[in-house]
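Structure, as structure tokens:
Numbering starts at 1 and runs along the sequence shown.
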Amino acid sequence: QVHLVESGGGSVQAGGSLKLSCAGASPQYLTWFRQAPGKEREGVASIDNRGRTIYADSVKGRFTVSLDDPGNTLYLQMDNLKPEDTAVYYCAAAYWVPPDRPLTQDNYVFWGQGTQVTVSS
């Protein structure tokens, strides 16, 4: 049974950095999602076990996703944070996702409980 646990959230000023961790990330496709108040959940960054990554346009160049394997820990390094990055961040895992839409949530069947990130202006 896959059990995902996020940590590393907190409150920072705009321009600051945080690093999120997700323990128990063993499946092949791993993605960070986020959900802001009043907004739909959106995919942020994905990585597969070959190290291939993809990022949402809104975070490209600021966030970096990585995987410690065989440690089974997924990371999200977030730099130059903006107030619009404020959200609950979730890690999710799947054994397969559509190759053209890896940030789509439909095929992710394993989810963590989330960690809050708050960025002040």
Side-chain angles (χ1 to χ4, degrees):
Q1 183 177 351
V2 176
H3 183 217
L4 304 176
V5 180
E6 301 97 336
S7 62
S11 298
V12 298
Q13 293 183 336
S17 297
L18 286 172
K19 188 173 185 177
L20 306 183
S21 300
C22 175
S26 59
Q28 184 172 0
Y29 296 91
L30 301 161
T31 297
W32 288 98
F33 292 84
R34 67 185 182 186
Q35 188 166 22
K39 302 290 184 63
E40 296 293 322
R41 186 174 294 181
E42 62 175 345
V44 175
S46 289
I47 189 170
D48 65 23
N49 286 339
R50 292 185 173 91
R52 295 174 295 192
T53 60
I54 190 167
Y55 298 91
D57 289 341
S58 59
V59 306
K60 194 174 299 181
R62 300 188 297 118
F63 291 9
T64 304
V65 63
S66 61
L67 177 66
D68 177 13
D69 190 9
N72 294 329
T73 301
L74 181 71
Y75 299 99
L76 185 67
Q77 176 66 47
M78 304 184 294
D79 297 317
N80 191 24
L81 283 161
K82 303 176 179 180
E84 51 262 44
D85 295 318
T86 295
V88 177
Y89 283 72
Y90 302 88
C91 62
Y95 291 106
W96 184 88
V97 299
D100 58 333
R101 300 185 66 188
L103 299 180
T104 300
Q105 67 181 343
D106 295 350
N107 293 98
Y108 290 86
V109 297
F110 307 109
W111 293 83
Q113 295 299 305
T115 186
Q116 176 71 49
V117 171
T118 302
V119 184
S120 60
S121 60

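Note that CZ of Phe33 is 7.5 Å distant from OG1 of Thr104, once rounded to the nearest 0.5 Å. Note that CG of Leu4 is 10.5 Å distant from OG1 of Thr73, once rounded to the nearest 0.5 Å. Atom OG of Ser121 is separated from atom NZ of Lys82 by 14.0 Å, given to the nearest 0.5 angstrom. Note: Gln105 CD to Glu42 CD = 10.5 Å, rounded to the nearest 0.5 Å. Remark: Thr53 OG1 to Leu67 CG distance equals 12.0 Å, nearest 0.5 Å.
For Lys60 and Asp57, the salt-bridge test passes: some basic side-chain N is under 4.0 Å from an acidic carboxylate O.
Between Leu103 and Ala56, the shortest heavy-atom distance links the atoms CD1-N, 3.8 Å. Contact between Ala87 and Ala36 at its shortest, heavy atoms only, is CB-N, 3.7 Å. Across all non-hydrogen atoms, the minimal contact from Val2 to Gly24 is CG1-O, 3.9 Å. Here the closest non-hydrogen pair linking Ser66 and Ile47 is CA-CD1, 3.9 Å. Closest approach of Leu18 to Leu81, counting heavy atoms only: N-CD1, 3.9 Å.
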Could you walk me through whether Met78 and Leu20 pass side chain to side chain contact (heavy atoms under 4.5 Å, CB included), step by step?
CA-CA 8 Å; Met78 304 184 294; Leu20 306 183; 3.7 Å; yes

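Listed by first then second residue, pairs satisfying ring pair (Phe, Tyr, Trp, His ring centres under 6.0 Å) with a partner in residues 44-92 number zero, not counting sequence neighbours. Annotation: disulfide (SG to SG under 2.5 Å) contacts involving residues 34-121, sequence neighbours excluded, comprise Cys22-Cys91.
No more than 12 heavy-atom neighbours from other residues, nucleotides or ligands sit within 6.0 angstrom of CZ on Arg101.
Glu6 places a side-chain N or O within donor-acceptor distance of the main-chain N or O of Gln113, the cut-off being under 3.5 Å. A donor-acceptor pair under 3.5 Å is formed between the side chain of Thr86 and the backbone N or O of Val119.
By the criterion of side-chain heavy atoms lying less than 4.5 angstrom apart, applied directly or through intervening Ile, Leu, Val, Met, Phe, Trp or Tyr residues, Val44 is grouped together with Val12 in one hydrophobic cluster. Taking hydrophobic clusters as Ile, Leu, Val, Met, Phe, Trp and Tyr residues chained together by side-chain heavy-atom distances below 4.5 Å, Val109 shares a cluster with Tyr95. A continuous path of Ile, Leu, Val, Met, Phe, Trp and Tyr side chains, each step under 4.5 Å between heavy atoms, connects Trp111 with Val88, placing both in one hydrophobic cluster.
Residues passing the side-chain hydrogen bond (donor to acceptor under 3.5 Å, both in side chains) test with Thr31 are Ser46, Tyr108, sequence neighbours excluded.
With Leu76 as the fixed residue, the side chain to side chain contact (heavy atoms under 4.5 Å, CB included) test singles out one of Val59, Val65, Thr115: Val65.
Under the 4.5 Å side-chain criterion, counting only non-hydrogen atoms from C-beta, Val117 is not in contact with Arg34.
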